[in-house]
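Residue indices begin at 1 and follow the sequence shown. Note that the structure is predicted; figures quoted are calculated from it, not measured.
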Amino acid sequence: MQTNSVQVDFKSQIIQGIPNEMPRKKERSLSLSHAPKRKEILSMDEKKLAIRNALRYFPKTWHSELSKEFALELNDYGRIYMYRFKPDYDIYARPIVAYPAKTLQAASIILMIQNNLDPAVAQHPEELITYGGNGAVFQNWAQYLLTLKYLATMTDEQTLHIYSGHPMGLFPSSKEAPRVVVTNGMMIPNYSKPDDWEKYNALGVTQYGQMTAGSYMYIGPQGIVHGTAITVMNAFRNVLNKDESSNWKIFLTAGLGGMSGAQPKAGNIAGCITICAEVNPTAAHKRHAQGWVDELIEDINVLVSRTQKAIADKEVVSLAFVGNVVDVWEKFDEEGLFIHLGSDQTSLHNPWAGGYYPVGLSFEEANDMMSGNPEAFKEKVQESLRRQVTAINKHTARGTYFFDYGNAFLLEASRAGADVMAENNIDFRYPSYVQDILGPMCFDYGFGPFRWVCTSGKTEDLQITDGIALKVMEQIKTEAPEEIQQQMQDNITWIREAEQNKLVVGSKARILYADAEGRAKIAEAFNHAIHSGEISAPVVLGRDHHDVSGTDSPFRETSNIYDGSKFTADMAIHNVIGDSFRGATWVSIHNGGGVGWGEVINGGFGIVLDGSEDATRRLKSMLFYDVNNGISRRSWARNEEALFAIKREMERTPELKVTLPNLVDDELLNNLFY
Ligand SMILES: NC(=O)c1ccc[n+]([C@@H]2O[C@H](COP(=O)([O-])OP(=O)(O)OC[C@H]3O[C@@H](n4cnc5c(N)ncnc54)[C@H](O)[C@@H]3O)[C@@H](O)[C@H]2O)c1
């Protein structure tokens, strides 16, 4: 007999995990966005293995019916999502008291997982994808059900180990240990090519966790708006004279997806004219309806005249062009429209499976070709990238400042044979935003995307935390050295205006770029406020993996490391191990994220503040290490700003002893080899 599980209450459904009786078959929602069909990659034998793997979650008596259904899913979508097992209850971050759990820590993790899968937050919620086209929380709904059951029933002397979405199980540990340890996409290095992800993900044995998708720390595009606003503001500071304003200057880019959707809002905060092309009409309309972009324009000639009007009227406005970005670069060149800043946030970390749409094909044509004729599609993508770069080069020859937005644009363009290499044929001719902007101005000083979530779900709690963070930052700024005054001011302005920017989607969360001192002082003040009852429920702290620490990514986070070590991943591993025994509630380490499978190792953490003295001890120890590990690595690579920051930290903290580099004179080296 098949049951309709809606009759069982929410808490019981969570505790039940995989239901005792097979739920009824479900169709996919027509109103939600779905992951593109993944390319056919498995042999006949491998397809059988994928079904065998999927069926191991279920009793034998269900196998006959489920095997046929899963084979159809594999055939139709290239993956087995197990749609039938998606629960009937609504998935979103409920107030923490709504969750069944024996520990507050585990309840907080359930809340964070549900936020990552909330249809208002997630990109393809029914495929358990939070953002970036393939950034998965779980591979299938059985993993989701089992994980939540484990979390709801575990004690604070157990640790749940999760292998790429699959909950391997609860193991005895201690109160001091993390409640959850997550790995995503960890592969034997030689098996880390894009097609390896296609194959092993289709087999159901690994997943692409992106950064905050597979670590349950995504907080919607707000998390990105702050970083993007900092980037756009500082990019303008880099190219304009000191007294020149960014008002009515043009910022041209692409993408209105999960993270890229933050660009127009960031452009408005930076006070410029943003032109953002988005080829997927659903994504463009969604962002417009959410108020993230001011106007939608479908005709390229209308875009040109509207841009000219915005310049003439000195407007601060964001315009979404519903179409291909290559057309905009080319058209603006023909029309002689000067672009001050240029970038691109298509998902080129995932170029062959829906991350980048080639010019000249409609959105539907591209989707058909992607799965029907992947080789031809690949050629189209590469041809399109060559055309895009040719147009960009014409603009930069006239003075446009172009930067790579960490989406592997330059990497994939170079692989496509586009003219993006510098004269030395080693470097790219354009910088990444981390090399020129975020690295030296933020990461090397320890500033990064610290974030928190109020588990009460109450707006008032978020307002109180905003107020506390503002007070702490203002206090720190009074004694901060000249080198970081600008950063402190940008962050103070952000937190002061954060509420009026109306950026909260999903959980009651906030992001704030802060350094080690700021993060620890803000966290400690939150913990006091929870203890005193001023904040009504625990607060979860975390960060984006896109930070000073935690992520080794030679074309992004660590692209401004010049001692050769940017192709190593020791820092990310040290972060996750170091955080795990210093008090993190959960830790995660991922292959892929941002720039692509095999191109980056990144990790993060979550820590629950419950107002206890124990939480104060943990937060101080863990946040200190989490940030300063990255600064140490950056200072050993001779980054001037990081050397400044770590020396300052050593003065403040006598127990910290970091190995410092001796600098070598260029002249000495220049005469060594002939
Ligand atoms: N925002 C940030 O701070 C940040 C930082 C680092 C890296 N990134 C990178 O930016 C990329 C985008 O992330 P996302 O979460 O928005 O991904 P996403 O897949 O949700 O969005 C990308 C969007 O680009 C659109 N697109 C693809 N090709 C296009 C084309 N030729 N013309 C116009 N639109 C096109 C897609 O339709 C999609 O909506 C990722 O590679 C990510 O890693 C972002």
Side-chain angles (χ1 to χ4, degrees), residues 219-240 242-278 287-296 307 310-311 313-320 339-345 401 403 405-406 433-434 436-438 441-442 447-451 462-463 466 469-470 473-474 477 485-505 509-514 544 546:
I219 56 166
Q222 177 196 182
I224 294 299
V225 172
H226 183 27
T228 313
I230 288 177
T231 303
V232 177
M233 280 186 316
N234 282 314
F236 274 119
R237 284 181 189 134
N238 269 355
V239 293
L240 300 177
K242 229 178 160 119
D243 48 359
E244 222 180 331
S245 123
S246 52
N247 277 5
W248 64 266
K249 311 261 178 341
I250 292 186
F251 168 40
L252 169 59
T253 186
L256 286 172
M259 289 197 274
S260 48
Q263 295 177 103
K265 195 104 187 171
N268 284 5
I269 292 171
C272 63
I273 300 169
T274 306
I275 315 243
C276 191
E278 171 53 66
R287 288 293 175 223
H288 185 240
Q290 290 173 337
W292 289 80
V293 61
D294 298 328
E295 295 174 28
L296 290 181
T307 307
I311 298 171
D313 296 350
K314 297 192 177 350
E315 289 177 68
V316 174
V317 69
S318 49
L319 310 175
I339 297 161
H340 295 79
L341 292 189
S343 197
D344 185 285
Q345 269 199 53
Y401 173 67
F403 59 96
Y405 214 124
Y433 72 123
V434 173
D436 261 25
I437 303 162
L438 273 191
M441 294 178 182
C442 292
F447 287 92
F450 180 57
R451 57 184 55 179
L462 189 57
Q463 288 165 340
D466 284 349
L470 175 61
M473 295 289 279
E474 282 177 335
K477 184 171 182 287
Q485 282 289 329
Q486 179 74 63
Q487 291 84 331
M488 295 297 300
Q489 188 50 54
D490 284 349
N491 298 328
I492 286 170
T493 307
W494 163 263
I495 195 73
R496 195 178 281 135
E497 294 171 0
E499 191 182 5
Q500 80 206 39
N501 282 330
K502 295 195 174 51
L503 295 166
V504 174
V505 180
R510 186 67 73 218
I511 179 171
L512 173 65
Y513 267 59
D544 193 354
H546 177 52

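The minimum heavy-atom distance between Asn247 and Ser245, with the atom names listed, is N-OG, 2.8 Å. Residues Asn268 and Thr274 come closest through the heavy atom pair N-OG1, 4.3 Å. Scanning both residues, His288 and Val293, for their nearest heavy atoms gives CD2-O, 3.2 Å. Across Ile495 and Ala469, no two heavy atoms sit closer than the pair CG1-CB, 4.3 Å. The shortest non-hydrogen separation linking Pro264 to Ser318 is CB-CB, 3.5 Å. The minimum heavy-atom distance linking Ile269 with Ala229 is given by the pair CG2-CB, 4.2 Å.
Partner of Cys276 under the side chain to side chain contact (heavy atoms under 4.5 Å, CB included) criterion, out of Leu256, Leu252, Leu319: Leu256 alone.
Between the OG atom in Ser260 and the OH atom in Tyr405 there is a gap of 10.5 Å [rounded to 0.5 Å]. Here the straight-line distance linking atom CZ of Arg287 with atom CG of Asp294 works out to 14.0 Å at 0.5 Å rounding. Atom CD of residue Glu497 and atom NZ of residue Lys502 lie 12.5 Å apart, to the nearest 0.5 angstrom. The CD atom of Gln222 sits 5.0 Å away from atom CZ of Arg510, with the distance rounded to the nearest 0.5 Å. To the nearest 0.5 Å, atom CG of residue Leu341 and atom CZ of residue Phe403 are 5.5 Å apart. Between the CZ atom of Phe251 and the OG1 atom of Thr228 there is a distance of 8.0 Å, given to the nearest 0.5 Å.
Annotation: side chain of Trp292 is in contact with side chain of Leu503 (closest heavy-atom distance under 4.5 Å). Side-chain contact between Glu295 and Val317 is present, with heavy atoms from C-beta onward closer than 4.5 Å. Between Ile230 and Met441 the shortest side-chain heavy-atom distance does not fall below 4.5 Å.
Gln263 places no side-chain N or O within 3.5 Å of a backbone atom of Thr253 that could act as its donor or acceptor partner. Between the side chain of Asn491 and the backbone N or O of Tyr513 there is at least one donor-acceptor pair closer than 3.5 Å. Counting only distance, with no hydrogens or angles, the side chain of Ser246 and the backbone of Ala270 share a donor-acceptor pair below 3.5 Å. Of the possible polar contacts, one joining the Trp494 side chain to the Ile511 backbone as a donor-acceptor pair under 3.5 Å is found.
Taking the six-membered ring where the residue is Trp, His340 and Trp248 present perpendicular rings, their angle passing 60° and hence far from 30°.
By the ring-ring contact (aromatic ring centres under 6.0 Å, His included) test, Phe236 is found to be paired with no residue, residues two or more places apart in sequence or in another chain being considered.
Applying the salt bridge (charged side-chain N to carboxylate O under 4.0 Å, His left out) rule to pairs touching residues 247-271 yields Glu244-Lys249, sequence neighbours excluded.
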